Visitor: 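My structure is below; once you've seen it, I'll send some questions.
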Amino acid sequence: YLLFPALQAANLTEFHAVPLAVAPLLFTFYFIERGSAMGTWLAALLALSVKEEIALLVFMLGLYAALAQRDKRRERGLSPAHGFALALVGLAWFGLTTFVIIPHFSQSGESVYVGRYESLGGSFGGVVRTGLTQPWKVMALLLQANRPGYLVGLLAGVGFMPLFWPLALLMGAPVLLANMLSDYPAMFSGEFHYSAPATPYMIIGAIYGVGQLTD
C-alpha cells in the first residue's frame with residue numbers, strides 16, 4: 001500500500017487536498033465490512049470533507065453497503081438502509097458543492113474543472129449528454145493517447161489482482177473515468193496527485209482479488 005506508485009506520486013508532488021481522502025475512504029470500506037454503522041458514517045463524513053468529487057466515491061461505497069449486504073453486517077448493526085442513506089448523502093453533497101457552493105464563489109459561475117472536458121461538451125450537462133447520446137465518442141476518447149496505459153499502470157502496481165474482484169474497480173469508477181476522460185494529460189499521467197483517490201480501490205481490489213484466487 002505505501003509503495004503503490006499512485007500514492008507515492010501524490011506524496012512527491014506539491015500539496016493538494018485530495019490525497020487526504022485516501023485513508024477515510026479505506027476506513028469507510030473497512031467499517032462497512034465490519035458492520036459498524038458509526039465507524040462507517042464517521043469515516044465517510046471525513047472523506048466528504050476533503051473535496052467535492054470524493055462525494056461520488058462515497059456514493060458508490062453507500063451503494064456497495066446497501067446492495068452487497070452480508071449477514072454479518074446486518075447482525076452487527078449496518079443495515080441496507082444505512083447504505084442507501086450514505087449513498088443519498090454522498091450524491092446530495094456532490095450536487096450541493098458542485099452546483100451551488102462552488103458556482104456561488106466562482107467568477108465563472110461554475111467549477112474550474114469543467115474546462116478539462118471540452119472534448120465531451122465542456123460542462124457537466126454536456127458530458128452527460130455526450131455519454132447518453134454519443135457513447136461511442138466516450139469509448140473512443142478512453143482509447144486515445146496514454147489513457148489505456150494509465151489504467152494498466154494502476155493495475156500493474158497491485159499485480160492486476162483487482163481484475164479478479166472487479167467490484168472494486170466499479171466502486172472507483174467515478175475517479176477513474178474522471179481522470180481518463182479529461183483533456184488535461186496530467187490527470188491520466190499517473191505522475192501527480194490525481195490518482196490518489198483511486199488508491200483505496202486498487203488496494204481493496206488487490207486484497208479481495210487474492211482472496212478470490214486462494215478461496
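From a predicted model like this one, the values you see are computed outputs, not experimental measurements.
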Visitor: side-chain contact (heavy atoms from CB on, under 4.5 Å) for Asn146 and Ser189? Distances and angles first, verdict last.
Guide: CA-CA 7 Å; Asn146 297 322; Ser189 70; over 6 Å; no
Visitor: Between the side chains of Glu33 and Tyr208, is a donor N or O closer than 3.5 angstrom to an acceptor N or O?
Guide: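 Yes, because at least one side-chain N or O of Glu33 sits under 3.5 Å from a partner of the opposite role on Tyr208.
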Visitor: Heavy atoms, side chains only, cut-off 4.5 Å: are Leu78 and Phe31 in contact?
Guide: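 Result no, sub-4.5 Å side-chain heavy-atom pair not found.
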Visitor: If you round to the nearest 0.5 Å, how far is CG of Leu177 from CZ of Arg147?
Guide: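 So the gap between those two atoms works out to 12.0 Å.
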Visitor: Do Leu25 and Val58 make a side-chain contact, defined as non-hydrogen atoms from C-beta onward lying under 4.5 Å apart?
Guide: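 Yes - at least one pair of side-chain heavy atoms lies under 4.5 Å apart.
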Visitor: Using the rule that Ile, Leu, Val, Met, Phe, Trp and Tyr join whenever any side-chain heavy atoms are under 4.5 Å apart, tell me whether Ile32 and Trp165 fall into a single cluster.
Guide: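 Yes, Ile32 connects to Trp165 through the hydrophobic network.
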Visitor: Considering only heavy atoms from C-beta outward, does the side chain of Val152 approach that of Phe160 to under 4.5 Å?
Guide: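 Heavy-atom side-chain distance check passes, below 4.5 Å.
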Visitor: For Leu154 and Leu176, run side-chain contact (heavy atoms from CB on, under 4.5 Å): C-alpha distance rounded to whole Å, both residues' side-chain angles, the deciding distance at 0.1 Å, then the answer.
Guide: CA-CA 10 Å; Leu154 288 176; Leu176 293 173; 3.7 Å; yes
Visitor: Quick one: do Leu46 and Val18 end up in the same hydrophobic cluster if we chain Ile, Leu, Val, Met, Phe, Trp and Tyr together by side-chain heavy atoms under 4.5 Å apart?
Guide: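 Hydrophobic grouping puts Leu46 apart from Val18.
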Visitor: Indicate yes or no: at least one non-hydrogen side-chain atom of Leu213 is less than 4.5 angstrom from one of Met161.
Guide: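 Of all side-chain heavy-atom pairs linking Met161 with Leu213, at least one is under 4.5 Å.
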Visitor: Distance check, rounded to the nearest 0.5 Å: Leu91 atom CG versus Leu56 atom CG?
Guide: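 The CG atom of Leu91 sits 7.0 Å away from the CG atom of Leu56.
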Visitor: Tyr117 and Asp183: side-chain donor and acceptor closer than 3.5 Å?
Guide: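 Checked: Tyr117/Asp183 side chains show no N/O donor-acceptor pair below 3.5 Å.
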Visitor: What closest approach, in Å, do Ala206 and Val158 show between heavy atoms, and which atom pair accounts for it?
Guide: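 Looking at all heavy atoms of both residues, the shortest contact is CB-CB, 3.8 Å.
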Visitor: Taking Arg116 for its side chain and Ala178 for its backbone only, find out whether a donor-acceptor pair lies under 3.5 Å.
Guide: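 Not at all, since once roles are kept as given, no pair shorter than 3.5 Å links the two residues.
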Visitor: Under a 3.5 Å threshold, yes or no: a donor from one side chain and an acceptor from the other, between Tyr30 and Ser36?
Guide: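 No donor-acceptor contact under 3.5 Å links the two side chains.
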Visitor: Looking only at heavy atoms, what is the nearest atom pair of Pro19 and Ala10, with distance?
Guide: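 What the structure gives for the nearest pair is CG-CB, 3.9 Å.
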Visitor: Can you tell me how the ring of His16 sits relative to the ring of His193, calling it parallel under 30°, perpendicular over 60° and tilted otherwise?
Guide: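 Rings of His16 and His193: parallel, as their planes differ by under 30°.
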Visitor: Just verifying a value: how many Å separate Gln8 CD and Thr13 OG1, rounded to the nearest 0.5 Å?
Guide: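 So the gap between those two atoms works out to 13.0 Å.
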Visitor: Which heavy atom of Ala66 sits nearest a heavy atom of Pro80, and at what distance?
Guide: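 The answer is CB-O, 3.5 Å.
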Visitor: Are Leu67 and Phe84 close enough that some pair of their side-chain heavy atoms sits under 4.5 Å apart?
Guide: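 With C-beta onward as the side chain, the pair touches.
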Visitor: Do any side-chain atoms of residues 167-174 form donor-acceptor pairs under 3.5 angstrom with protein atoms, and if so which ones, sequence neighbours left out?
Guide:
none

Visitor: Tyr194 versus Val175: any side-chain heavy-atom pair under 4.5 Å?
Guide: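 When only atoms from C-beta onward are counted, Val175 and Tyr194 do not touch, as no gap falls below 4.5 Å.
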Visitor: State, yes or no, whether a side-chain contact exists between Leu151 and Met180 at a heavy-atom distance under 4.5 Å.
Guide: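 In short, these two side chains touch, coming nearer than 4.5 Å.
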Visitor: Verify, without hydrogens or angle tests, whether Ser106 (side chain) and Ile102 (backbone) share a donor-acceptor contact under 3.5 angstrom.
Guide: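 Looks like no, no N/O pair under 3.5 Å.
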Visitor: If hydrophobic clusters are built from ILVMFWY residues whose side chains come within less than 4.5 Å, do Val127 and Phe59 share one?
Guide: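 Yes: a chain of side-chain contacts under 4.5 Å links Val127 to Phe59.
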Visitor: Taking the side chain as every heavy atom from C-beta outward, state whether Ser195 and Phe188 have any pair of such atoms under 4.5 Å apart.
Guide: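 They are not in contact (no side-chain heavy atoms under 4.5 Å apart), so the answer is no.
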Visitor: Quick check, are the ring centers of Phe29 and Tyr64 under 6.0 angstrom apart?
Guide: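 They qualify: ring centres under 6.0 Å apart.
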Visitor: Do you reckon Tyr150 sits in the same ILVMFWY cluster as Met139, going by side-chain contacts under 4.5 Å, direct or chained?
Guide: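 In one cluster: yes.
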Visitor: Which of these passes side chain to side chain contact (heavy atoms under 4.5 Å, CB included) with Leu48: Thr28, Leu57, Val89, Leu86?
Guide: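 The residue from Thr28, Leu57, Val89, Leu86 that satisfies side chain to side chain contact (heavy atoms under 4.5 Å, CB included) with Leu48 turns out to be Val89.
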Visitor: Rounded to the nearest 0.5 Å, what separation is found between the CG atom of Leu142 and the CG atom of Leu181?
Guide: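 Atom-to-atom, Leu142:CG and Leu181:CG are 4.5 Å apart.
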Visitor: Can you run down the ring-ring contact (aromatic ring centres under 6.0 Å, His included) pairs that involve residues 90-109, sequence neighbours left out, and say none if there aren't any?
Guide: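 Applying ring-ring contact (aromatic ring centres under 6.0 Å, His included) to every pair that reaches into residues 90-109, excluding sequence neighbours, yields Phe99-Phe124.
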Visitor: Using every non-hydrogen atom in the two residues, find where Leu141 and Ser119 come nearest and quote the distance to one decimal.
Guide: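 The pair with the smallest heavy-atom distance is CD2-CB, 4.3 Å.
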Visitor: Can you confirm whether more than 12 heavy atoms, excluding those of Gln107, are under 6.0 Å from its CD atom?
Guide: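 Not more than 12 within 6.0 Å, no.
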Visitor: Check Pro5 against Gly157 and note the closest heavy-atom contact, atom names and distance.
Guide: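 Looking at all heavy atoms of both residues, the closest pair is CD-CA, 4.2 Å.
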Visitor: Hey, does the side chain of Ser182 reach the backbone of Asn179 with a donor-acceptor pair shorter than 3.5 angstrom?
Guide: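 Judged by distance alone, no pair lies under 3.5 Å.
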Visitor: So if you build clusters from Ile, Leu, Val, Met, Phe, Trp, Tyr with side-chain heavy-atom gaps below 4.5 Å, do Leu96 and Leu45 land together?
Guide: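 Linked, Leu96 and Leu45 end up in one cluster.
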Visitor: Are Glu52 and Tyr113 close enough, and set up right, to give a side-chain contact (heavy atoms from CB on, under 4.5 Å), and what steps lead you there?
Guide: CA-CA 11 Å; Glu52 68 275 10; Tyr113 295 109; 3.8 Å; yes
